[in-house]
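What you are looking at is a predicted structure, and each value in this text was computed from that prediction instead of being measured. All values below were derived from every heavy atom in this structure, side-chain atoms included, with hydrogens, water molecules and symmetry-related copies excluded. Order of the sequence lines sets the chain letters (A, B, ...), proteins ahead of strands, with each chain counted from 1.
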There are 2 protein chains.
Amino acid sequence: MKDVADLASVGTITVSRVLRTPEKVSEAKRNRVQKAIEQLGYVPDNTAGALSSNKSRVFGAIVSTVNDSVFAQTLDGLSSTLRAAGYELLLTSTNYDPALEEDALRALLARRPDGIVLTSTSHSSGVKNLLKSVNIPVVEIWQLPSQPLDIAVGFSNFQAGYDMARHLIGKGKKNIAFIGGNERGNDRGRRRRDGYIAALADAKLPPIIWPSEEQGSPSGIELGAAVFEGCLKVNPAINALMCVSDQVAVGVICEAKRRGVEVPGGLSVSGFGGFELAMSSGFDLTTIEIPGREIGVASAKALLNPEAARAKKVIDVGYTLVERGTT
Amino acid sequence: MKDVADLASVGTITVSRVLRTPEKVSEAKRNRVQKAIEQLGYVPDNTAGALSSNKSRVFGAIVSTVNDSVFAQTLDGLSSTLRAAGYELLLTSTNYDPALEEDALRALLARRPDGIVLTSTSHSSGVKNLLKSVNIPVVEIWQLPSQPLDIAVGFSNFQAGYDMARHLIGKGKKNIAFIGGNERGNDRGRRRRDGYIAALADAKLPPIIWPSEEQGSPSGIELGAAVFEGCLKVNPAINALMCVSDQVAVGVICEAKRRGVEVPGGLSVSGFGGFELAMSSGFDLTTIEIPGREIGVASAKALLNPEAARAKKVIDVGYTLVERGTT
DNA sequence: ATTAACCTTGGTATCGATACCAAATCAAGA
DNA sequence: TCTTGATTTGGTATCGATACCAAGGTTAAT
């Protein structure tokens with residue numbers, strides 16, 4: 001920066017101002033500085049800037065996985081919105097292991113981010129203390145906790161689960177099973193299941209949950225394929241499967257076709273998430289569509305303007321129950 | 001850090017050493033320092049450390065999209081391997097727009113990363129100059145360029161495309177079309193297509209490519225569904241579709257079922273990528289499986305140990321042609 | 001012509017760590 | 001006991017920007 005300043009015959013501080021608040025510098029000097037920057041191929045050093053201004057222009061994200069297509073849309077929205085505003089994203093994934101969250105957070109905080117995004121909503125006390133001691137916006141996404149740490153952006157997984165169960169009940173189904181969502185660390189799936197349980201209770205129907213908490217189980221498509229041996233064999237009366245995710249639902253449908261079970265005639269199937277495959281040119285799956293990208297964009301806005309977001313505290317982006325051919 | 005040093009009655013530099021090279025500090029002082037760190041809830045400031053040591057312990061990644069499941073595995077492998085070594089990942093996505101690459105790179109370099117990962121392999125001269133002027137490892141992934149900028153980790157999309165076309169030819173198909181892969185910025189898809197063209201030329205068969213470069217087209221599943229109207233109608237003799245990705249192949253298969261076209265009887269279909277759905281509990285799709293996570297892990301290792309990686313220059317992780325029920 | 005208010009500009013201290021060098025301590029062998 | 005080399009420790013300068021404050025220049029009103 002000194003070199004640029006010398007070449008343009010100005011003080012270093014003027015160079016700094018050209019980069020951050022160009023409107024406060026006279027046009028003549030601004031042009032000289034910009035030419036010098038170009039000529040020297042100067043790339044500012046943000047680590048130094050972060051140190052002196054106490055603003056890193058970086059946000060941290062701790063996600064349970066990047067390996068989920070709807071979830072990836074959130075990341076996409078988050079990162080593009082932030083980058084448009086001149087910020088970058090430090091990404092860390094915990095692979096659904098809550099024990100890693102504190103470590104990951106500590107590592108992130110060492111980079112002094114200007115804010116944090118978390119996909120989990122249940123946190124260890126260590127995590128809570130760390131977040132309380134730093135004074136930066138914290139956005140929890142994809143699930144609306146009753147007591148957000150700071151700001152929350154998402155939708156009610158409980159209500160969505162409830163609605164979907166009501167939809168199946170409305171179709172005249174009496175033996176509806178809920179498939180999946182019992183992995184530890186997956187509080188979103190669990191909330192959906194709770195919504196399902198509540199809806200069935202309201203309709204005075206018995207809930208059927210598979211696999212049970214204790215059983216280890218495959219996940220995603222494999223889980224859907226395993227349903228026929230593991231769940232329908234035990235309870236052949238089941239005529240509707242409400243799956244915790246579209247992936248599971250797709251596994252169910254593939255296996256149903258293989259076995260000649262008619263969908264939705266013999267078995268109704270619903271998904272959750274709205275991943276590309278669910279749509280009509282794919283499986284034509286009844287599902288809950290989540291505006292994944294919008295969650296990312298809204299969280300980015302919350303990070304960039306925490307005061308406005310804190311006024312709301314909870315930003316509900318909603319969801320859409322899309323009825324298609326499988327129910 | 002000063003506070004910690006005072007509380008433990010040592011110099012600040014000793015605190016620094018406890019954090020970075022604990023084996024060089026006597027056990028007594030090390031314990032005192034660690035207790036003081038705990039007691040004060042001290043979280044080191046890496047921005048300051050980066051400034052003075054010229055090492056940020058952060059790597060930058062510029063990806064074309066996070067929104068692709070096999071690709072997400074790469075990110076996953078990359079980020080977990082780096083985090084295990086005490087590094088973090090700064091993620092930026094260009095959404096397949098090559099024009100954004102230079103901006104994104106500039107923004108990343110301002111954060112002074114210790115290395116860069118790029119998913120694209122064709123770069124503007126601005127990008128090349130920037131990368132040349134910084135002296136950090138640069139890893140290009142998912143495609144092996146003939147002239148890597150520095151280090152490359154991936155596999156030959158050309159060879160994989162060639163192999164898959166050979167496979168279809170070996171099944172006795174004579175009218176094989178290649179579907180997709182003409183989006184600008186997607187050099188990987190293009191290389192697969194080139195492999196297909198070469199294989200057909202070697203077998204003296206005419207290549208059929210759809211959609212053509214000029215036409216705009218939907219992508220992913222939608223594209224697969226559109227094949228029947230857009231491609232097979234024009235050329236009903238086609239009896240095998242080699243799709244640029246599993247997503248496209250899945251779209252084809254769904255639409256084929258809807259139209260009562262038998263797969264592989266009437267139409268063979270192959271995919272590319274090995275996304276979860278392709279496997280036998282899903283679509284039972286013949287595809288090229290890419291070790292996505294391994295690419296991530298190998299790139300992380302290359303970043304962490306560039307000297308060793310530079311000795312090889314190009315790290316080929318290979319691929320597997322998995323023959324299943326659709327061909 | 002003078003004064004006040006505003007805008008533009010630059011000097012210097014500072015952010016919180018690490019690098020580099022020098023001093024102090026320790027262990028082992030003469 | 002003294003010397004030597006290895007190990008442990010601390011002081012001080014430094015990384016490259018920004019914050020803060022003060023000074024000079026300009027404009028408009030009196």
Side-chain angles (χ1 to χ4, degrees), chain A residues 1-34 36-37 40-58 86-88 106-107 109-114 133-136, chain B residues 1-34 36-37 40-58 86-88 106-107 109-114 133-136:
Chain A
M1 183 178 259
K2 184 78 173 50
D3 295 346
V4 173
D6 289 349
L7 182 59
S9 319
V10 296
T12 58
I13 189 72
T14 302
V15 176
S16 172
R17 275 194 274 254
V18 168
L19 291 166
R20 292 179 305 150
T21 52
E23 72 282 1
K24 292 198 170 175
V25 178
S26 70
E27 201 183 323
K29 295 211 178 185
R30 191 168 58 226
N31 290 339
R32 283 214 319 264
V33 169
Q34 260 153 358
I37 287 177
L40 296 175
Y42 166 72
V43 176
D45 186 333
N46 185 268
T47 60
L51 183 58
S52 68
S53 70
N54 214 21
K55 283 183 192 99
S56 59
R57 301 186 76 78
V58 164
Y87 288 75
E88 295 289 324
R106 221 171 261 282
L109 290 180
R111 270 80 188 185
R112 295 292 185 267
D114 291 343
S133 66
V134 295
N135 205 22
I136 53 176
Chain B
M1 184 178 257
K2 184 79 171 52
D3 294 346
V4 173
D6 288 350
L7 182 58
S9 321
V10 297
T12 57
I13 188 73
T14 302
V15 176
S16 172
R17 275 195 274 253
V18 168
L19 291 166
R20 293 179 305 152
T21 51
E23 73 282 1
K24 291 197 169 176
V25 178
S26 69
E27 202 184 321
K29 296 213 178 185
R30 191 168 58 224
N31 290 340
R32 281 211 323 262
V33 169
Q34 260 153 357
I37 288 177
L40 295 175
Y42 167 71
V43 177
D45 186 333
N46 185 268
T47 61
L51 183 59
S52 68
S53 69
N54 214 19
K55 282 183 193 102
S56 61
R57 301 186 76 77
V58 165
Y87 287 76
E88 296 290 323
R106 220 173 261 283
L109 290 180
R111 271 78 187 187
R112 296 292 186 269
D114 291 343
S133 67
V134 295
N135 204 20
I136 53 175

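Distance, Ile37(B) CD1 to dG16(C) C1': 14 Å, rounded to whole Å. Atoms CG (Asp3(A)) and P (dA17(D)) sit 10 Å apart, rounded to a whole Å. Rounded to whole Å, atom C1' of dG16(D) lies 15 Å from atom CZ of Arg111(B). When the C1' atom of dG16(D) is taken as reference, atom CG of Asn46(A) falls 11 Å away, rounded to whole Å. Atom CG in Leu109(B) sits roughly 14 Å away from atom P in dA17(D) (whole-Å rounding). The NZ-P distance, from Lys2(A) to dT14(D), rounds to 15 Å in whole Å. The CG atom of Asp45(A) sits 13 Å away from the C1' atom of dC15(C) (whole-angstrom rounding). With rounding to whole Å, Asp6(A) atom CG is found 11 Å from dG10(C) atom P.
Pairs of residues two or more places apart, or lying in two chains, that qualify as side chain to side chain donor-acceptor pair (under 3.5 Å) and include a residue from residues 2-11 of chain A are Lys2(A)-Asp6(A).
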Atom pairs under 3.5 Å: protein N/O with N/O of nucleotides 24-28 of chain D:
none

Between the protein and nucleotides 6-11 of chain D, are there any N/O to N/O pairs under 3.5 Å, and if so, what are the atom names and distances?
unit_1  : atom_1 : unit_2   : atom_2 : d
dT9(D)  : OP1    : Ser26(B) : OG     : 2.8
dT9(D)  : OP2    : Ser26(B) : N      : 3.1
dT9(D)  : O3'    : Lys29(B) : NZ     : 3.3
dG10(D) : OP2    : Gly11(B) : N      : 3.0
dG10(D) : OP2    : Thr14(B) : OG1    : 2.5
dG10(D) : N7     : Arg17(B) : NH2    : 3.0

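Once rounded to the nearest 0.5 Å, the distance linking CZ of Arg112(B) with OG1 of Thr47(A) reads 6.5 Å. Summarising the geometry, atom CG belonging to Asp114(B) is positioned 8.0 Å from atom NZ belonging to Lys55(B); distances are rounded to the nearest 0.5 Å.
Evaluation of the salt bridge (charged side-chain N to carboxylate O under 4.0 Å, His left out) rule for Arg17(B) yields no partner, not counting sequence neighbours. Scanning for side chain to side chain contact (heavy atoms under 4.5 Å, CB included) contacts around Ile37(A) gives Val4(A), Leu19(A), Val33(A), Tyr42(A), with sequence neighbours left out. Remark: Glu23(A) pairs with Thr21(A) by the side chain to side chain contact (heavy atoms under 4.5 Å, CB included) rule, at least two apart or across chains. In this view, Thr14(B) satisfies the side chain to side chain donor-acceptor pair (under 3.5 Å) rule with no residue, not counting sequence neighbours. With sequence neighbours left out, Asn31(B) forms a side chain to side chain contact (heavy atoms under 4.5 Å, CB included) with Glu27(B), Gln34(B). Applying the salt bridge (charged side-chain N to carboxylate O under 4.0 Å, His left out) criterion to Arg106(B), with sequence neighbours excluded, gives Glu102(B). Under the rule for a side chain to side chain contact (heavy atoms under 4.5 Å, CB included), the partners of Ala48(B) that lie at least two apart in sequence or sit in another chain are Leu51(A), Asp45(B).
Contact between the side-chain N/O atoms of Tyr42(A) and the OP1/OP2 oxygens of dG16(D) is not found at any separation under 4.0 Å.
A donor-acceptor pair under 3.5 Å links the side-chain atoms of Arg111(A) to the main chain of Ala107(A), judged by distance alone.
For DNA chain C, the neighbouring residues in residues 48-56 of chain A, judged by any heavy atom under 4.0 Å, are Leu51(A), Ser52(A).
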